[in-house]
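Reviewing the structure listed below.
Please read these numbers as outputs of a predicted model, since none were measured by experiment.
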Amino acid sequence: MISRLFGFFTVIFGVLVLTFLLIHLVPGDPVEVMLGESASMADREALREQLGLNQPLITQFGTYLNKLAHGDLGQSIHTKTPITELFKTRYPASVQLALLSMLIGLLVGVPLGVYAALKAGRWQDVVVTVVSVRLSAMPVFWLGPILMLVFAVWLGWLPVSGMDEPAAIILPALTLGFGLSAILTRMTRTSLLEVLNEDFIRTARAKGLSERAVIVRHALRAALLPIVTIVGLQMGSLLAGTVITETIFSWDGIGRLLVESIEKRDYPVTQACVLAVALSYVVINFLTDIAYRLVDPRMRHA
């Protein structure tokens, strides 16, 4: 446990340092973005001093860490809004989108993977495999507009974008969920095929258990470990990788907030967004580690 906590804080500190350095190395001046190119040098220097941007980088970083230690994420350079207030609406929106996308991926990917494994070598297996490969090869910046065009523009069933209607989450969730389902389908199929050849499966069948009981109670449970790994990693990827999807569908989540803050050179907001994503990754990995021990009894005392 101590080693995990040490690794947790090491990763977070590394993320803070790299993020701070990278966003300050990116070309562009937030003062120029705020005041415009026509502003006088005196006005620029006054605003730079007011924002603390005239201080050495090590001093700015130390000030940021001090505020962070006291639970203060700072405020937006442009709107003066506390970042915690921005996160109250933006972060839950991203979590909601990620959870629904994960649910879609699981409901589609796992059953298809089981079906493909049971039909291994037949035409059904070939069809499922081809479809999953095609889906995994579709980037979200292509799949998203296609779904938008079909279901929102041509059929008119769903909103094009935004968050004004509850149904607006369906298209971005499908965009992310379909890609995830393709990965889960292939992983479930491969893992289940390996398990079906094990001795304990033949023993279960020799005892007279129904094929359904053999698959559900024994084979699928033993095949869950790599699936849990993928689910944990992909959940972190969904929280971090919704930037493009949220931008396409105008979904006001943490990903879109990150893009907006980078465009405006809003350093405090950018740092807070990256920190939130890193924390999400670390926490989800920790929960995945716990799930390992629940799924695989051999790891409970490891």
- prompt: Between the side chains of Y91 and S280, does any donor sit under 3.5 Å from an acceptor?
  reply: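 Yes.
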Do [X] and [Y] come within less than 4.5 Å of each other through their side chains, counting heavy atoms only?
| X | Y | result |
| --- | --- | --- |
| V231 | M102 | yes |
| V274 | L258 | yes |
| I254 | F87 | yes |
| D252 | L257 | no |
| V243 | R256 | no |
| I83 | P268 | yes |
| M148 | W154 | no |
| Q271 | L275 | no |

- prompt: Which residues pass the side-chain contact (heavy atoms from CB on, under 4.5 Å) test with A69, sequence neighbours left out?
  reply: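 Expected list: none.
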query: How would you list, by chain and number, every residue that makes a side-chain contact (heavy atoms from CB on, under 4.5 Å) with T203, sequence neighbours excluded?
result: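 Counting only residues at least two positions away or on another chain, T203 forms a side-chain contact (heavy atoms from CB on, under 4.5 Å) with K207.
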Same cluster (ILVMFWY, side-chain, under 4.5 Å), [X] and [Y]:
| X | Y | result |
| --- | --- | --- |
| V130 | L118 | no |
| F178 | V150 | yes |
| L149 | W157 | yes |
| M163 | V95 | yes |
| L279 | L68 | yes |

Let me confirm one number: the [atom1]-[atom2] distance from [X] to [Y], rounded to the nearest 0.5 Å.
| X | Y | atom1 | atom2 | answer |
| --- | --- | --- | --- | --- |
| L176 | L100 | CG | CG | 9.5 Å |
| D125 | R189 | CG | CZ | 4.0 Å |
| Q75 | T84 | CD | OG1 | 10.0 Å |
| L180 | I104 | CG | CD1 | 9.5 Å |
| L143 | L174 | CG | CG | 8.5 Å |
| I170 | F249 | CD1 | CZ | 11.5 Å |

query: Would T185 and Y115 count as a side chain to side chain contact (heavy atoms under 4.5 Å, CB included) if you check the C-alpha gap in whole Å, the side-chain angles of each, and the deciding distance to 0.1 Å?
result: CA-CA 9 Å; T185 296; Y115 180 74; over 6 Å; no
E85, E246, E260 screened by salt bridge (Lys or Arg N to Asp or Glu O under 4.0 Å) with R90, the one that passes: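 Of E85, E246, E260, salt bridge (Lys or Arg N to Asp or Glu O under 4.0 Å) with R90 is met by E260 alone.
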I'd like to know if the side chain of [X] reaches the main chain of [Y], judged simply by a donor and an acceptor atom lying under 3.5 Å from each other, with no hydrogens or angles considered.
| X | Y | result |
| --- | --- | --- |
| S191 | T188 | no |
| T59 | Q55 | no |
| D266 | I77 | yes |
| W251 | T245 | no |
| S136 | V133 | yes |

Provide the closest heavy-atom pair for [X] versus [Y] in the form atom of the first, atom of the second, distance.
| X | Y | result |
| --- | --- | --- |
| P145 | I248 | CD-CD1, 4.2 Å |
| G253 | A93 | CA-CB, 4.2 Å |
| A182 | S132 | CB-O, 3.1 Å |
| P172 | S101 | O-OG, 4.3 Å |
| L171 | P159 | CD1-O, 3.5 Å |
| S94 | G255 | OG-N, 3.9 Å |

message: Walk me through whether T247 and F141 qualify under side chain to side chain contact (heavy atoms under 4.5 Å, CB included).
response: CA-CA 10 Å; T247 302; F141 60 81; over 6 Å; no
message: Strictly by side-chain hydrogen bond (donor to acceptor under 3.5 Å, both in side chains), give each pair with a member in residues 61-74 just once, sequence neighbours left out.
response: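 Not a single pair qualifies under side-chain hydrogen bond (donor to acceptor under 3.5 Å, both in side chains).
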message: Surrounding CD1 of I58 (heavy atoms of other residues, nucleotides or ligands, distance under 6.0 Å), is the total greater than 12?
response: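 No.
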